[in-house]
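Remarks on the structure that follows.
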Amino acid sequence: MTNEFDAMTQGVSVGGVRSRYGVRVLLCYILKNVDSMVSRTAFSEILQSTELVNFFEINPALDALYENGLAELIEKEDDDYFRITPDGISVADKLQTDIPLSAREQALSAAFSVVARERLKGTVDYNIDKTENGCYVTLTVKDGGEIMMQTKLFAADYLQAELVGENFMKNPDKLYSGIIDSLTL
């Protein structure tokens, strides 16, 4: 790998990416394999949660991808989004082996989870209502404007209610498909 260890390494775990070149290749690899637009915020979450890249290396690498024609930049109100270009796909294909397999696998695992959660924004939600005896957690799944499922659960306290809501947000399909399977099979 060229430019070995020229990136900031604070907070990067063993096996993480320690060159600016490697960071750009990893970003192309992620974009190619998730086959979706990915926001700056999502990239930060993906790479920070896995400790593969230093936080301060992410945005300059994303900007370099755009400037070099490896990714398109789509500016939205809430964030900047990136989509891979044919040149970016070529870079990911040719240079992916410059990034250790374990780093690629970790990055993709985190990316699929984060991107799936981003896609569900506005379609999946939870709400907590406090009562004298605890809390009610309302879990909602929408498709367009149509409510496909709404479930209300009791939790003993606010902490438990938050845990229920956050776990639902991580994998809402599991609950929805589990209920459908239980009622139709």
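By convention here, the first residue in the shown sequence is residue 1.
- The backbone N or O of Ile99 sits less than 3.5 Å from a side-chain atom of Arg104, completing a donor-acceptor pair.
- Closest of all the heavy-atom pairs between Ala161 and Cys135 is CB-CB, 3.8 Å.
- When all heavy atoms of Glu57 and Val23 are compared, the closest pair comes out as O-CG1, 4.1 Å.
- The minimum heavy-atom distance linking Val34 with Ala111 is given by the pair CG1-CB, 3.7 Å.
- Considering only heavy atoms from C-beta on, Leu31 comes within 4.5 Å of Phe82 through its side chain.
- No side-chain heavy atom of Ser39 sits under 4.5 Å from any side-chain heavy atom of Asp80.
- Heavy atoms of other residues, nucleotides or ligands lying less than 6.0 angstrom from CZ of Phe154 number more than 12.
- No side-chain donor-acceptor contact under 3.5 Å links Tyr81 and Glu72.
- For the atom pair CG of Asp98 and CZ of Arg24, the computed distance is 12.0 Å after rounding to the nearest 0.5 Å.
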message = side-chain hydrogen bond (donor to acceptor under 3.5 Å, both in side chains), that's the test. Do Glu166 and Tyr126 meet it? Break it down for me.
response = CA-CA 8 Å; Glu166 289 301 317; Tyr126 73 94; 2.5 Å; yes
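- Atom CD1 of Ile179 sits about 4.0 Å away from atom OG1 of Thr151, to the nearest 0.5 Å.
- For the residue pair Ser36 and Val115, the shortest heavy atom distance occurs at OG-CG1, 4.0 Å.
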message = What verdict does the side-chain contact (heavy atoms from CB on, under 4.5 Å) test give for Tyr136 and Leu153, after you've listed the backbone C-alpha separation in whole Å, the side-chain angles of each residue and the deciding distance to 0.1 Å?
response = CA-CA 6 Å; Tyr136 283 106; Leu153 303 170; over 6 Å; no
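- Atom CG of Leu73 is separated from atom CG of Leu65 by 11.0 Å, given to the nearest 0.5 angstrom.
- By the rule that hydrophobic residues join a cluster once side-chain heavy atoms approach within less than 4.5 Å of another member, Val164 and Tyr158 end up as members of one cluster.
- Inspection of the Gln106 and Thr50 side chains reveals no N or O donor paired with an N or O acceptor under 3.5 Å.
- The backbone N or O of Val53 sits less than 3.5 Å from a side-chain atom of Gln48, completing a donor-acceptor pair.
- A distance of 9.5 Å separates CG in Asp125 from CG in Leu139, rounded to the nearest 0.5 Å.
- Checked by atom type and distance alone, the side chain of Ser49 pairs as donor or acceptor with a backbone atom of Ile46 at under 3.5 Å.
- Between Phe168 and Val137 the shortest side-chain heavy-atom distance does not fall below 4.5 Å.
- In this structure the side chain of Met37 reaches within 4.5 angstrom of the side chain of Lys76, judged on heavy atoms.
- Note that the CG atom of Leu175 and the CE atom of Met169 stand 12.5 Å from one another [nearest 0.5 Å].
- Expressed to the nearest 0.5 Å, how far CG of Asn127 lies from OG1 of Thr138 amounts to 5.5 Å.
- Thr140 contributes no side-chain N or O that, together with a main-chain N or O of Val124, makes up a donor-acceptor pair within less than 3.5 Å.
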task = Report the C-alpha separation of Leu26 and Ile30 in whole Å, then their side-chain angles, then the decisive distance to 0.1 Å, and conclude whether the side-chain contact (heavy atoms from CB on, under 4.5 Å) test is met.
result = CA-CA 6 Å; Leu26 183 60; Ile30 291 169; 4.2 Å; yes
ask   = Is there a side-chain contact (heavy atoms from CB on, under 4.5 Å) between Phe43 and Asn59 once you walk through the steps?
value = CA-CA 9 Å; Phe43 269 118; Asn59 284 322; over 6 Å; no
message = Before you tell me yes or no, could you show the steps for Leu47 and Leu27 under side-chain contact (heavy atoms from CB on, under 4.5 Å), namely the whole-Å CA-CA distance, both residues' side-chain angles and the distance that decides it to 0.1 Å?
response = CA-CA 9 Å; Leu47 297 172; Leu27 295 176; 3.6 Å; yes
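- A salt bridge does not link Arg40 to Asp79: none of the charged nitrogens lies less than 4.0 Å from a carboxylate oxygen.
- Sparse packing is recorded around OH of Tyr66, with 12 or fewer heavy atoms of other residues, nucleotides or ligands lying under 6.0 Å away.
- Looking only at distances, a side-chain donor or acceptor of Asp157 sits under 3.5 Å from a matching main-chain atom of Leu159.
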